[in-house]
> 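This is the structure I want to talk about, given as structure tokens.
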Amino acid sequence: MQRTLVKAAHNSSNPMDQILLQGWVRTKRDAKKFSFIELNDGSSLKGLQIIVDASLADYAQVARAQTGASVEVNGKLVASQGGGQKWEVVATSFQVVGEAESDYPLQKKGHSLEFLREIAHLRPRSNLFGAVFRVRSRLAYAIHQFFQERKFCYVHTPLITASDCEGAGEMFRVSTLDPKKPPLNPSGEVDYAQDFFEKSTYLTVSGQLEGEIFASALSNIYTFGPTFRAENSNTSRHAAEFWMIEPEVAFCNLQGNMDLAEEFVKYLVRDVKEHCADDLEFFGKFVDKELLTNLDLVLEKPFVRCSYTEAISIIEQSGKKWEKPVKWGDNLQSEHERYLTEEHFKCPVTIHDYPRSLKPFYMRVNEGESPDRETVAAMDLLVPGIGEIIGGSQREERLEVLRENMANHDLNEKDYWWYVDLRRYGSVPHSGFGLGFERMLMFVTGVANIRDVIPFARTPGNAEF
RNA sequence: UGCUCGGUAGCUCAGUGGCAGAGCAGGUGACUGUUAAUCACUUGGUCGUAGGUUCGACCCCUACCCGAGCAGCCA
């Protein structure tokens, strides 16, 4: 007898004489002559109601089938006599596979997200987290589908890297040296020449530089993998380990880059809406009442595009009182980004052409601007509720300008010799961006904390599971 | 890392300078085609930790630990 998933049972168009279900008990309601058991196997938000009649030989098993227990049920799929569901299962046999002890922490009532984080080994069995991780899986699939449909090549960039990718914050060191007595060089510092890779190595903060190499050969590529930042960030939208999607496109300028980003985000929203409708409806009910309306809005309207310079004057003319006032040349603060996307435009906004001094060495310097207001072809996509979800740019393809940038940023050309080489051999204009996978997932689910869209979140002081 | 708020039963929370509380979960029983079922009874506590003030501290003070929100950094 083959197992039927709860989702398939719900979708059945006919009653079934025989059905085998396996899963976990969500709740049990005992009557005198029978018991109702709600069984969930993670295949869908909705559980399936099982009726176990007291006359059944296995009825004694029901007493052991407490919330959280795993069970195996054979029975008939029949039209439900009660309201609330189309189908239910009348058991012909009922076995408890694994009992749940009475201190099973997941109850029928609501739990705080903070508490559920502490029981990350059990929270996937809750409605909310089951839904989150089903959507996470679909979103990952949709990402590959989007790029594969467009003939982008999936590139696996290294997780261990020697390049201290500029501007991306603190890195986790990768070393096999004995931390108690590491070898020292003559000047008394740790001698990483004796380390595993014979140089300092770190977990990657971005696959972009390697992505550019492959775009300079295969034209359209994307990466999709884990990324690590050792920043001591304690916010609802930062994690030490997260997944990032980084497309890189040869013969593409900033306009094309912004077009791709917008098409991409809309594609993902549309795909999840289509394939995770039940889960999204749940988020709309219990997480964010506006979610479905907001997602529709994303699909309907073109994203606003606004230059950094325009953004600054909008903020200046807003008449609002800012904690930190901005002038041209300053970084936009969270409060400003929130104002732009949530209040002023009320939709996703792409801010482009930022001051050169604010951005990393690899971004392309715009031509024909006054020397005190130089900009680079950078873009950030901001969405309501989360802020920056995409950061990208056209890359500097001109050898001399790149060298000048590196000098301005105190970078040693020798450390990036292969990156510079790309500008010496068949250099092309090219562009790319990074999309934070978890931030996108927060956006489509309405879940407000990044720790709640990662199965086992790594944040400062937290790596329990 | 800075600022702010919080930590009381398995969970969600109330509480007052003077006997430690409720709902849910667990247990027992009743009842009912139930839907977070219902009703009665019932088990369950180092009040984050360590000091201090006080006749007396869950409550007031100090330090520390942990969590959350916001900010910075970014995706």
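Keep in mind the model is a prediction, meaning the values are calculated, not measured. Sequence lines set the chain letters: A, B, ... in the order given, protein chains first and strands last, and positions in each chain run from 1.
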> Write down the distance between CD1 (A:Ile389) and C1' (B:A75), rounded to a whole number of angstrom.
9 Å
> Looking at B:U34, B:G72, B:G69, which one has an atom nearest to any side-chain atom of A:Arg451?
B:G69
> Where does B:C70 fall, syn or anti, if syn means a chi angle no more than 90° from 0?
anti
> If you compare all heavy atoms of A:Arg237 against all heavy atoms of A:Ser334, which two are closest, and at what distance to 0.1 Å?
NH2-OG, 3.4 Å
> In dot-bracket, 5' to 3', how would RNA chain B read with Watson-Crick or G-U wobble pairs under 3.5 Å, [ ] for crossing ones and | for pairs to another strand?
(((((((..((((....[..)))).(((((.......))))).....(((((..]....))))))))))))....
> At less than 4.0 Å, is any side-chain N or O atom of A:Ser112 found next to OP1 or OP2 of B:U12? Yes or no.
yes
> Between B:A75, B:C73, B:C70, which nucleotide has the shortest distance from any of its atoms to the side chain of A:Ser236?
B:C70
> For A:Ala239 and A:Lys32, take the nucleotide of RNA chain B holding the closest heavy atom to each; which residue's nucleotide lies nearer the 5' end?
A:Lys32
> Give the minimum heavy-atom separation between A:Thr4 and A:Leu21, together with the two atoms involved.
O-CD2, 3.2 Å
> Are A:Lys346 and A:Glu342 within salt-bridge range, i.e. N to O under 4.0 Å?
no
> When you check the gap from the basic side-chain N to the acidic O, do A:Glu343 and A:Lys320 get nearer than 4.0 Å?
yes
> So that I know where these two stand, are A:Trp322 and A:His336 an aromatic pair - ring centroids less than 6.0 Å apart?
yes
> Considering only the P atoms, how many Å lie between B:C58 and B:U49, rounded to the nearest integer?
11 Å
> Examine B:A25: is either OP1 or OP2 under 4.0 Å from a nitrogen or oxygen in the side chain of A:Arg26? Give yes or no.
no
